[in-house]
Protein chains: 2
Amino acid sequence: MNLEIASRQLEALGNQTRLEIYRTLVRAGTGGRTVGQIQDHVGLPASTLSHHLKRLIDQRLVRQERSGTSLICHAEYPAMTALIGFLSDECCADQTLTYRTGDCRKEATDG
Amino acid sequence: MNLEIASRQLEALGNQTRLEIYRTLVRAGTGGRTVGQIQDHVGLPASTLSHHLKRLIDQRLVRQERSGTSLICHAEYPAMTALIGFLSDECCADQTLTYRTGDCRKEATDG
DNA sequence: ATCTTACTTCCATGAATTTAGAAATAGCCT
DNA sequence: AGGCTATTTCTAAATTCATGGAAGTAAGAT
């Protein structure tokens with residue numbers, strides 16, 4: 001993980017529609033969801049959805065797998081955990097002394 | 001934290017230049033850095049830097065404080081920790097059973 | 001008052017993003 | 001082969017973003 005990859009992934013997630021698509025896939029779990037199922041969920045024209053999915057796939061946040069005429073989409077958890085790790089390293093940089101023993105996320109969320 | 005705020009903040013960080021600016025501020029610690037110091041560090045024309053800073057400030061990821069003729073910029077840690085918390089909830093949704101006891105970031109990063 | 005330093009806002013321009021209809025493609029079924 | 005389903009790619013218009021010079025503003029020094 002480096003700054004360039006992180007920024008590209010953040011950009012891919014930095015759109016309300018795409019973040020919603022991504023969340024749908026995370027919530028779908030390991031089984032994933034077909035493009036059609038996502039479409040039913042988010043209610044977008046097929047081509048628009050396809051473009052958004054492409055952005056997420058390009059940044060390795062989502063993976064597609066064919067099953068007959070359908071394409072099943074999966075959230076790529078390792079990519080997200082790596083991204084969160086990168087951000088945590090950034091955000092925790094100055095709070096290391098305070099939060100070192102714990103998970104920085106849990107303490108300071110309610111500021 | 002909700003999807004709209006998260007996506008806006010992700011968008012603000014989803015640009016290599018801005019992520020670098022933000023990282024500079026995190027690394028600067030509690031004391032922050034003046035706009036001029038950031039400019040020396042990232043090497044951008046003043047107006048371009050100012051635009052990028054504005055994006056970060058608009059999303060409450062950075063705060064400015066005047067000190068004489070200088071403006072000191074600070075990374076807003078609580079905003080970042082809240083954002084990471086949101087993403088963790090998303091990314092860990094399906095891995096709760098596996099990673100519940102630990103920090104999901106540490107396990108699955110190397111996939 | 002005016003000069004200097006430190007930034008921001010105004011303005012313009014090219015590039016990229018978002019959106020979506022229409023056409024094309026992939027795979028299955030008959 | 002032809003048709004059906006599922007989804008992508010082509011194409012294009014509208015919008016937003018990134019960039020940076022020039023002009024404006026805020027605060028302190030002389």
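As the structure is a prediction and not an experimental result, all values here were calculated from the model. Chain letters run A, B, ... following the sequence lines, proteins first, then strands; residues in each count from 1.
The environment of NE2 in A:His74 is crowded: more than 12 heavy-atom neighbours from other residues, nucleotides or ligands sit within 6.0 Å. Residue B:Arg8 qualifies as open at atom CZ: its count of foreign heavy atoms under 6.0 Å is 12 or below.
Under the 4.5 Å side-chain contact rule for hydrophobic residues, A:Ile5 and A:Tyr22 share a cluster. One hydrophobic cluster, built from ILVMFWY side chains closer than 4.5 Å, cannot hold both A:Val35 and A:Ile72; they sit in different ones.
Between the axis at the start and the axis at the end of the helix from C:dA1-D:dT30 to C:dT30-D:dA1 there is an angle of 10°, using five pairs per end and rounding to 10 degrees.
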_Worked verdict on A:Leu87 versus A:Leu10 for side-chain contact (heavy atoms from CB on, under 4.5 Å)_ = CA-CA 10 Å; A:Leu87 290 178; A:Leu10 290 168; 4.0 Å; yes

*Could you walk me through whether A:Phe86 and A:Asn2 pass the side-chain contact (heavy atoms from CB on, under 4.5 Å) test, one step at a time?*
CA-CA 8 Å; A:Phe86 179 87; A:Asn2 61 47; 5.6 Å; no

_Could you walk me through whether B:Thr17 and B:Val42 satisfy the side-chain contact (heavy atoms from CB on, under 4.5 Å) test, starting with their C-alpha distance in whole Å, then the side-chain angles of each, then the deciding distance to 0.1 Å, before giving a yes or no?_
CA-CA 8 Å; B:Thr17 302; B:Val42 298; 5.7 Å; no

Dump the pairs, protein N or O against N or O of nucleotides 18-23 of chain C, anything under 3.5 Å, distances to one decimal.
from   : atom 1 : to      : atom 2 : distance (Å)
C:dT18 : OP1    : A:Asn15 : ND2    : 3.1
C:dT18 : OP1    : A:Arg18 : NH2    : 3.4
C:dT18 : OP2    : A:Arg18 : NH1    : 2.9
C:dT18 : OP2    : A:Arg18 : NH2    : 3.4
C:dT18 : OP2    : A:Arg55 : NH1    : 2.4
C:dT19 : OP2    : A:His52 : NE2    : 2.7
C:dA20 : OP2    : A:Thr48 : OG1    : 3.4
C:dA20 : N7     : A:Ser47 : OG     : 3.2
C:dA20 : N6     : A:His51 : NE2    : 2.9
C:dG21 : N7     : A:Ser47 : OG     : 3.2
C:dG21 : O6     : A:Ser47 : OG     : 3.2

With 3.5 Å as the limit, what N/O pairs link the protein to nucleotides 4-7 of chain D?
from  : atom 1 : to      : atom 2 : distance (Å)
D:dA6 : O4'    : A:Thr69 : O      : 3.4
D:dT7 : OP1    : A:Val35 : N      : 3.1
D:dT7 : OP1    : A:Gly36 : N      : 3.4
D:dT7 : OP1    : A:Leu71 : N      : 3.3
D:dT7 : OP2    : A:Gly36 : N      : 2.7

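We find that NZ of B:Lys54 is positioned 15 Å from P of C:dC11, with the value rounded to whole Å. The separation between B:Leu13 atom CG and D:dC17 atom P is 15 Å, rounded to whole Å. Atom P of nucleotide D:dA26 and atom CD of B:Glu65 are separated by 19 Å, given to the nearest angstrom. Protein atom CG of B:Leu53 is 15 Å distant from nucleotide atom P of D:dG20, rounded to whole Å.
Between the side chain of B:Gln9 and the backbone N or O of B:Gln59, at least one donor-acceptor pair lies under 3.5 Å.
With respect to the salt-bridge test (charged N to carboxylate O, under 4.0 angstrom), the residues B:Arg63 and B:Glu76 qualify.
At least one side-chain heavy atom of B:Leu83 sits less than 4.5 Å from a side-chain heavy atom of B:Leu13.
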